[in-house]
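Shown next, in structure tokens, is the structure this report addresses.
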Protein chains: 2
Amino acid sequence: MTSTDRVPGSVSEHGPGATAVRPTRQRRAVAAALEAFDDFRSAQEIHALLRDRGESVGLSTVYRTLQTLADADEIDSLRTETGESIYRRCSGTHHHHLVCRSCGATVEVEGPTVERWTSAIAGEHGYTDVSHTLELFGTCRACAGR
Amino acid sequence: MTSTDRVPGSVSEHGPGATAVRPTRQRRAVAAALEAFDDFRSAQEIHALLRDRGESVGLSTVYRTLQTLADADEIDSLRTETGESIYRRCSGTHHHHLVCRSCGATVEVEGPTVERWTSAIAGEHGYTDVSHTLELFGTCRACAGR
DNA sequence: AAGGTAGGTGAGAATCGTTGTCAAATTGGC
DNA sequence: GCCAATTTGACAACGATTCTCACCTACCTT
Ligand SMILES: [Mn+2]
Ligand SMILES: [Mn+2]
Ligand SMILES: [Zn+2]
Ligand SMILES: [Zn+2]
């Protein structure tokens, strides 16, 4: 699982005009931090973790890196109720999340049913180029037992 | 549609301990502003509208009122991509939104299919007390035609 | 290997939506 | 009217995120 040394965001294009994305120490560190977590974390939390680990990375850089990764769909991001952006490594396929409100435990869920429903609804109303956001929040088994 | 004069947030309880929610000019103004719009608006936009109308209401009050209304499920609220909270009057039943990214035109959609799916998924994973967020974004017919 | 350059970094300042403060104003019940 | 509880709003404070910009660094070109 942690086999590839591929640097997040790296684009192996050739010739002139290729957008270079450099595998810097900072980008590797952020990517590694994401691997260390199983649940969603904020940019600030990741920044703090790296600082503690002694691999300090500037806060601006952490923000930039996370956004770049999210834009490239290499990590998932969502917003907490308080409007804070949180990030998590994710599988490559389209999916949604079932998150424990109490401990943050996250389960990736797929929903062909929902995917079909969303396109159908959008079509009925004449909307095109449709995207959707769907997140489930609840209390996981562990947290339910006090 | 604009028949009732019921003040948003009003709770008609009796006896000692009843939490009074007063129908002030400010609260009426915010409620009226929401009726004037058909799509989602931010607290600041509503504040500006009221100011222009000459029914100026303090920004803090606008924020407070909108949040109170949203907490009471009397209006819908969601977050833009930039993290800003926007509000809209809504029907009383549980529903979701299909919003035009371009002009903001909003359609309320219901989805027994989705509701069923979410509880099923949550149950399968042992999550209880589940809630969900689901929003659809697309381009409406009008905006699609240039 | 040296140099050139586009891309990357980070400390600190700036944004900006939102929340907190608190004295003054308003409301509803008596 | 009178009063206690509630509400208001100008203004300060917050806090997450973004911007600035001088300094680095990876990497391509001689
Ligand atoms: Mn989906
Ligand atoms: Mn639903
Ligand atoms: Zn949990
Ligand atoms: Zn539109």
Side-chain angles (χ1 to χ4, degrees), chain A residues 5-31 33 40-51 54-72 75 77-87, chain B residues 7-31 33 40-51 54-72 75 77-87:
Chain A
D5 275 320
R6 197 160 60 82
V7 169
S10 66
V11 179
S12 306
E13 289 174 27
H14 299 292
T19 306
V21 176
R22 298 174 180 170
T24 62
R25 172 186 70 78
Q26 290 86 341
R27 290 209 251 252
R28 288 178 201 281
V30 171
F40 287 89
R41 297 299 170 110
S42 70
Q44 313 232 22
E45 286 175 322
I46 292 171
H47 173 253
L49 174 77
L50 293 174
R51 157 166 311 215
E55 320 177 62
S56 193
V57 173
L59 183 55
S60 300
T61 301
V62 173
Y63 271 107
R64 273 188 302 243
T65 303
L66 290 172
Q67 284 162 5
T68 300
L69 289 171
D71 286 348
I75 62 177
S77 72
L78 55 85
R79 296 230 175 211
T80 65
E81 306 252 317
T82 67
E84 190 178 18
S85 288
I86 50 180
Y87 305 86
Chain B
V7 169
S10 65
V11 179
S12 306
E13 292 175 25
H14 299 294
T19 306
V21 175
R22 298 172 180 170
T24 62
R25 172 185 71 78
Q26 290 85 344
R27 290 209 252 254
R28 287 179 202 282
V30 171
F40 287 89
R41 297 298 170 111
S42 70
Q44 314 231 25
E45 286 175 322
I46 292 170
H47 173 252
L49 173 77
L50 293 174
R51 155 166 312 215
E55 320 177 61
S56 192
V57 174
L59 182 56
S60 299
T61 301
V62 173
Y63 271 107
R64 271 188 303 242
T65 303
L66 290 172
Q67 283 161 4
T68 299
L69 289 171
D71 287 347
I75 63 176
S77 73
L78 55 83
R79 297 228 175 213
T80 65
E81 308 250 318
T82 67
E84 191 177 18
S85 289
I86 50 180
Y87 305 84

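All values below were derived from every heavy atom in this structure, side-chain atoms included, with hydrogens, water molecules and symmetry-related copies excluded. Chain letters run A, B, ... following the sequence lines, proteins first, then strands; residues in each count from 1.
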By the definition side-chain contact (heavy atoms from CB on, under 4.5 Å), identify the one residue from B:T65, B:V57, B:L66, B:I86 that meets it with B:I46.
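Single pass found, and it is B:L66.
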How long is the line joining [atom1] of [X] and [atom2] of [N], in whole Å?
| X | N | atom1 | atom2 | value |
| --- | --- | --- | --- | --- |
| A:E55 | C:dG10 | CD | P | 12 Å |
| A:L78 | D:dA16 | CG | C1' | 16 Å |
| B:L66 | C:dG17 | CG | P | 15 Å |
| A:R51 | C:dT9 | CZ | C1' | 15 Å |
| B:I86 | C:dT18 | CD1 | P | 10 Å |
| A:R27 | D:dA26 | CZ | P | 11 Å |
| B:L59 | D:dC14 | CG | C1' | 15 Å |
| A:R79 | C:dG17 | CZ | P | 13 Å |

[N], OP1 or OP2 - any side-chain N/O from [X] closer than 4.0 Å?
| X | N | result |
| --- | --- | --- |
| B:T24 | C:dT26 | no |
| B:Q26 | D:dT7 | no |
| A:R25 | D:dT25 | no |

Which sits closer to the 5' end of DNA chain C, B:R64 or B:E84, going by the nucleotide each is nearest to?
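Looking at the nearest nucleotide for each, B:E84 comes out on the 5' side.
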Is there, by distance only and without an angle test, a donor paired with an acceptor across the side chain of A:S60 and the base of C:dG12 below 3.5 Å?
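Side chain to base: pair found, below 3.5 Å.
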With a 3.5 Å cut-off and just heavy-atom distances, do the side chain of A:R22 and the base of C:dA6 make a donor-acceptor pair?
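Such a pair is found, so the answer is yes.
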Using 0.5 Å steps for rounding, measure from the OH atom of A:Y87 to the CD atom of A:Q67.
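Output value for this atom pair is 5.0 Å.
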Consider the side chain of [X], meaning its heavy atoms from C-beta on, and name the nucleotide among [options] that approaches it most closely.
| X | options | answer |
| --- | --- | --- |
| A:Q67 | D:dT18, C:dG8, D:dG9 | D:dT18 |
| B:P23 | C:dT19, C:dG28, C:dT18 | C:dG28 |
| A:Y63 | D:dT17, C:dG17, C:dT9 | D:dT17 |

Return the minimal non-hydrogen interatomic distance between B:R22 and B:R27, and the atom names on each side.
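Taking every non-hydrogen atom into account, O-NE, 2.9 Å.
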Please name the pair of heavy atoms, one in A:G58 and one in A:H47, separated by the smallest distance, quoted to 0.1 Å.
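Closest approach of A:G58 to A:H47, heavy atoms only: C-CD2, 4.0 Å.
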Pair A:Q44, A:V62 - check side-chain contact (heavy atoms from CB on, under 4.5 Å), show working.
CA-CA 8 Å; A:Q44 313 232 22; A:V62 173; over 6 Å; no
What's B:S85 touching, base or sugar-phosphate or nothing? Going by heavy atoms closer than 4.0 Å.
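The residue B:S85 makes sugar-phosphate contact but no base contact.
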